[in-house]
Amino acid sequence: MSRKDEYLRQVRRALTVSRRQKVEILRDLEEAFASGREHGEAEEQVAERLGSPEEFAACIQEQLEPPGQRQHRQRFCIGTLLFPALAAFALWFYLQSLRFPKGIIGQANSTTTIWVSGPAWDLLPMILLPVAGLAALAAAIFFTLRYFRKK
């Protein structure tokens, strides 16, 4: 595989734009390699002049995105992660408030010796909700830190 083909493949993989825009960008990139060849440049020289494929793709994407769109997308991602985390914790706290102490039946004023057992799935929300909430919260924190680090 030639240097040009490898460079184009890496740029194609690094781009996160629409299919139509990708085709146009790669066509322009092939023209840049052809122009360099016409002017006596080797493929390695053209690739070096363009920078790494990741840098090239990032530069092109910044030019194509309207100002603030990337920040808006990142904030939306953080919000979509925070909402389920908060919802999971709120539901968990609500379910915790509905639980009666062990040994209490109905509106009894004191403990009784009657034991009532519930279905096993009762424990699932008590374990699954906090774990899901913590996972979503951790992801939101990760993307928030990444967002502010890039600013």
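In what follows, residues are counted from 1 in the order of the sequence shown. Keep in mind that this is a model prediction, so the values were computed, not measured.
The residues R9 and E6 are annotated as salt-bridged, a charged nitrogen and a carboxylate oxygen being separated by less than 4.0 angstrom. Contact check on E41 versus R37 returns no salt bridge, with no Lys/Arg side-chain nitrogen under 4.0 Å from an Asp/Glu carboxylate oxygen.
Checked by atom type and distance alone, the side chain of K22 pairs as donor or acceptor with a backbone atom of R12 at under 3.5 Å. A donor-acceptor pair is defined here as one N or O able to donate and one able to accept, closer than 3.5 Å; no such pair exists between the side chain of E54 and the backbone of A14. Side-chain atoms of E43 come within 3.5 Å of backbone atoms of K4 as a donor-acceptor pair (strictly under, hydrogens ignored). Here the side chain of S35 pairs no donor or acceptor atom with the backbone of E31 at under 3.5 angstrom.
In this structure, the separation between OG1 on T144 and CD1 on I78 is 3.5 Å, given to the nearest 0.5 Å. In this structure, L91 CG and L86 CG are separated by 12.5 Å, a value rounded to the nearest 0.5 Å.
For the pair F33 and A47, the tightest heavy-atom approach, listed with the atom from each and the gap, is CE2-N, 4.1 Å. A pairwise comparison of heavy atoms in G40 and Q45 identifies O-OE1, 4.2 Å as the closest pair.
E44 is linked by a side chain to side chain donor-acceptor pair (under 3.5 Å) to nothing, counting only residues two or more places apart in sequence or in another chain.
V23 and V11 are assigned to two separate hydrophobic clusters, defined by single-linkage of ILVMFWY side chains at heavy-atom distances under 4.5 Å. In the hydrophobic clustering of this structure, L134 groups with L145; members are Ile, Leu, Val, Met, Phe, Trp, Tyr whose side-chain heavy atoms approach within less than 4.5 Å, directly or through other members.
By the neighbour-count criterion of 12 heavy atoms within 6.0 Å, atom CZ of R49 is densely surrounded, having more than that number from other residues, nucleotides or ligands. The local environment of CD in E48 is sparse, with at most 12 non-hydrogen atoms from other residues, nucleotides or ligands closer than 6.0 Å.
In this structure the side chain of F142 never reaches within 4.5 angstrom of the side chain of L81, judged on heavy atoms. In this structure the side chain of E24 reaches within 4.5 angstrom of the side chain of R27, judged on heavy atoms. The closest side-chain heavy-atom distance from Y7 to V46 is not below 4.5 Å.
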- Query: Can you check side chain to side chain contact (heavy atoms under 4.5 Å, CB included) on F56 and I25, steps first, answer last?
  - Reply: CA-CA 10 Å; F56 180 81; I25 292 167; 4.2 Å; yes
